[in-house]
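Worth saying up front: this structure is predicted, and the values here are computed from it rather than measured.
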Amino acid sequence: QPRNRVTSLPQAPRTSAFSYPSYRRYWFSNLAGVFAIQFRFIGSGWLVYQLTDSPVWLGVPGVVSAAVTILLTVPGGALADRIDSQRLLVAARAVNAGLHLALAITIVLGLVEVWIVIVWAALTGITAAVTSPAGNALLPRLIDRAAMPSAVALSSAIWSGMRVLGPALAGVMIAAIDVGVAFFVTAAGYALSTLLVASLRLEPIPKSADPEEHSGTFAGVRYILDHQVFLATIGLSFFTSIFGRSYVVLLPIFADDILQ
């Protein structure tokens, strides 16, 4: 009689992104980073309003930062395709931590002026243009394709939760202590995020011999124009951000003049 043999079936890919240790660490790095971003939104608004006492100036740092990010996001994506995404993300978040720490120090020392905030906003816009594509390029190295929907949902949960928790804590800190504290917390959040991303142990990506795979910025623009679904999605995100969340910029003067 033939012996019974136990054949091992191929293991099905895991569909939960949190079952991947590297993704868990990356998720917590994003949690710290998004928490820092919410502190930055509230802190920068109050800072500009304290410096100018003008509703007109409230939107200037945001416009400068957004304009720089929009202009450089596509080149930033091309850069993320050519440079190791982990190293690029670590560098961008480390620079972001340094920028917020420098602004916090100028606030505490009483040296901050509006033009400094504008320059700072432009520099943070540059780092944002690199951070997003580098993070997107890093994600496929952390999980299998089957877990991608789970990863997207978990990332959305970070933004949804921090939009509530982050501004609330930032407002309490600013009211109880000072606006400079918000930027120290932001710098600490980015520093923690940087350390977590740097601690990831990933396999290096083999260089592709196909010259079309990394064909540059204009190839990305052509791809978007040729595929209308991406163009529509980008347009939807753009207009909802501009017209749907613009009220957030005016909250400092709303709280001061109306809520007092």
Give, for atom [atom1] of [X] and atom [atom2] of [Y], the distance between the pair rounded to the nearest 0.5 Å.
X	Y	atom1	atom2	result
Asn30	Leu154	CG	CG	10.5 Å
His100	Ile37	NE2	CD1	8.5 Å
Leu88	Arg82	CG	CZ	13.0 Å
Thr186	Phe35	OG1	CZ	8.5 Å
Phe28	Ser193	CZ	OG	12.5 Å
Ser85	Arg141	OG	CZ	4.5 Å

Under the 3.5 angstrom rule, does the side chain of [X] hit a backbone N or O of [Y] as a donor-acceptor pair?
X	Y	value
Arg93	Ala91	no
Asp84	Arg87	yes
Thr69	Gly125	yes
Ser150	Ser16	no
Ser29	Tyr26	yes

Closest non-hydrogen atom pair, Leu142 against Ser22: CD2-CB, 3.8 Å
Pairwise side-chain hydrogen bond (donor to acceptor under 3.5 Å, both in side chains) hits with a residue in residues 127-136, at least two apart: Asn96-Thr127
Face-on cation placement of Arg40 at Trp120 ring, 6.0 Å and 45° thresholds: yes
Side chains of Arg24 and Tyr20 in contact at under 4.5 Å (non-hydrogen atoms): no
Heavy-atom side-chain contact between Trp57 and Val117 under 4.5 Å: no
For Leu109, the option from Thr106, Ile105, Ile107 that meets side chain to side chain contact (heavy atoms under 4.5 Å, CB included): Ile105
Test log, rule side chain to side chain contact (heavy atoms under 4.5 Å, CB included), inputs Leu89 and Val130: CA-CA 7 Å; Leu89 187 58; Val130 175; over 6 Å; no
Modelled atom types, side-chain donor and acceptor of Ser199 and Arg25, under 3.5 Å: yes
Chi angles and distances behind the side chain to side chain contact (heavy atoms under 4.5 Å, CB included) call for Val60, Val63: CA-CA 5 Å; Val60 174; Val63 169; 5.8 Å; no
